[in-house]
Trainee: 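I'd like to ask some things about the structure below.
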Number of protein chains: 2
Amino acid sequence: MALRNAVMAALLEGEASGYDLAKEFDASVANFWMATPQQLYRELDRMEAEGLVRARVVEQERRPNKRLFSLTEAGRRQLREFTAEPLRPGAIRDELMVKVRAVDAGDAGAVRAAIAERIAWAEAKIARWERLRTRLLAGRTEDEFLAGAERIGPYLTLLRGLAFEEENIRWGRRALAVLDRRAAAVQ
Amino acid sequence: MALRNAVMAALLEGEASGYDLAKEFDASVANFWMATPQQLYRELDRMEAEGLVRARVVEQERRPNKRLFSLTEAGRRQLREFTAEPLRPGAIRDELMVKVRAVDAGDAGAVRAAIAERIAWAEAKIARWERLRTRLLAGRTEDEFLAGAERIGPYLTLLRGLAFEEENIRWGRRALAVLDRRAAAVQ
DNA sequence: CACACCTATTCAAAAAGTTGAATATCTCCC
DNA sequence: GGGAGATATTCAACTTTTTGAATAGGTGTG
């Protein structure tokens, strides 16, 4: 039941439909939590039943109607309680690292390609995050923003995401260099 | 069924009991995959039934007997196949980041404490990894090691883990500074 | 000599997450 | 005008993960 916390945190940004959230939680944008649309719709229904979110149906003309969800007072309260709960160790599950660990008994070429893919992915994500950062800063310097903005949480997580992907690239390049040197030595 | 890949990668290091693996996959030691003992014992049983691992019972005198698992040829083959499979996006699930994202509507003091906890944890993990690194290098320089060692996979993943935790510390200190400045400004 | 913690494993229920499919309309591009 | 892709949601089966127990002797500390 931890998905709901991520959903409530996302809803601090304002109303969103299940579809909107699905886009945000999609692997390509996901900040620190991933979820499929199905998961989200189910969770939103449950949360609505428990009074944590409220849905407002918006009838649309040229596309399916949608339900826009927003946080209720109870939801806000529960989110606040969540931030005060003891922290559970984060679940890391990175297949790439398992492959790298097994590279000596595995297909080195394929692992190489997987690392290269990860680098490309990280670059795309950085580009996205830089756009988001520009939007958040809205012309202010980082210092001005951090001193004056109403909400800094999303910015802080953005910084972490950026640093993570930059590190992925640095490490990935180093790993590729090491693997290439090995491959050359073998031949 | 991805846990088995992590288990097989771990077994490249040599025989291990369920208990040994449980220690390695534990939250406090885990490199890139976490699992509880229960999960591991169950998975090992299944893997044994499928012929991926083989168990050897070691009778012990002053403690319970144990079963030491090792990779079979079929397991080694399957691990190799896994390294060549297309990569699925890694599942990130970091509660701390959800809390940070919600910090503006949450309990800032508690979030601060959670970040501090993460920093302390990262420091402990770095210490552990530095010890492991020293053991792996065994007196050689990194270059000597990377050029000559039989297995470099574990070293590459260690480098990634080290960089990740160092980044956690850097980011965490920055986030704490930002939160403190805010808290001071409010009062 | 308690008490906590380590070794070593097993069982089972409940919660959560994944996968695959289906529906229906709209817009954009070639 | 045909196909891809976006908008928007729902159902259901399945697998995986989490959580809480239970067992049982050994070691180390105050």
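First the proteins, then the strands, lettered A, B, ... as listed; each starts at 1.
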Trainee: Take atom CG of A:Asn65 and atom C1' of D:dT10, then tell me their distance rounded to the nearest Å.
Mentor: 15 Å
Trainee: Starting from the C-alpha separation in whole Å, work towards a yes-or-no answer on side-chain contact (heavy atoms from CB on, under 4.5 Å) for B:Leu162 and B:Glu130.
Mentor: CA-CA 8 Å; B:Leu162 222 40; B:Glu130 286 292 6; 3.8 Å; yes
Trainee: Please, which pairs that meet side-chain hydrogen bond (donor to acceptor under 3.5 Å, both in side chains) have at least one residue in residues 72-84 of chain B, sequence neighbours excluded?
Mentor: none
Trainee: Ignoring hydrogens and geometry beyond distance, is the side chain of A:Glu43 in donor-acceptor contact with the base of C:dG17 at under 3.5 Å?
Mentor: no
Trainee: Take A:Tyr155 and A:Glu142 through the side-chain contact (heavy atoms from CB on, under 4.5 Å) test and state the conclusion after the steps.
Mentor: CA-CA 10 Å; A:Tyr155 190 81; A:Glu142 184 172 271; 2.4 Å; yes
Trainee: Measure the distance from NZ on B:Lys66 to C1' on D:dT23 and round it to the nearest whole Å.
Mentor: 19 Å
Trainee: Are any side-chain N or O atoms of B:Asp107 and backbone N or O atoms of A:Ala84, one a donor and one an acceptor, separated by less than 3.5 Å?
Mentor: no
Trainee: Between B:Arg140 (side chain only) and B:Leu137 (backbone N and O only), is there a donor and an acceptor less than 3.5 Å apart?
Mentor: yes
Trainee: May I ask you to verify whether the side chain of A:Arg42 and the base of C:dT18 hold a donor-acceptor pair under 3.5 Å?
Mentor: yes
Trainee: Within the pair A:Ser17 and D:dT7, is there a side-chain N or O less than 4.0 Å away from OP1 or OP2?
Mentor: no
Trainee: Of the candidate nucleotides D:dT9, C:dA12, C:dG20, which contains the atom at the shortest distance from the side chain of B:Gln38?
Mentor: C:dA12
Trainee: Phosphate oxygens OP1/OP2 of C:dG17: is one of them under 4.0 Å from a side-chain N or O of B:Arg88?
Mentor: no
Trainee: Look at the side-chain N and O atoms of B:Lys23 and state whether any lies under 4.0 Å from the OP1 or OP2 oxygen of C:dC6.
Mentor: no
Trainee: Let me know the distance between CG of A:Leu40 and P of C:dT19, rounded to the nearest Å.
Mentor: 15 Å
Trainee: If you find the nucleotide of DNA chain C closest to A:Trp33 and the one closest to B:Tyr19, which residue's nucleotide is nearer the 5' end?
Mentor: B:Tyr19
Trainee: Does OP1 or OP2 of D:dT16 have a side-chain N or O of B:Gln39 closer than 4.0 Å?
Mentor: no
Trainee: Of the options C:dA8, D:dT18, D:dA8, whose atoms approach the side-chain atoms of B:Tyr41 most closely?
Mentor: C:dA8
Trainee: Roughly, in whole Å, what's the span from CG in A:Asp45 to P in D:dT10?
Mentor: 6 Å
Trainee: Indicate, with a heavy-atom threshold strictly under 4.0 Å, whether B:Arg93 touches base, sugar-phosphate, or nothing.
Mentor: sugar-phosphate
Trainee: Rounded to the Å, how far apart are B:Glu95 CD and D:dT18 P?
Mentor: 12 Å
Trainee: Without decimals, in angstroms, what is the distance between A:Leu3 CG and C:dA15 C1'?
Mentor: 12 Å
Trainee: Using the side-chain heavy atoms of B:Thr36, tell me which of these nucleotides is nearest: D:dT9, C:dT19, D:dT18.
Mentor: D:dT18
Trainee: In whole angstrom, what separates B:Asp20's CG from C:dC6's C1'?
Mentor: 13 Å
Trainee: Rounded off to whole Å, could you give me the CZ-to-P distance for the A:Arg4 and C:dG17 pair?
Mentor: 11 Å
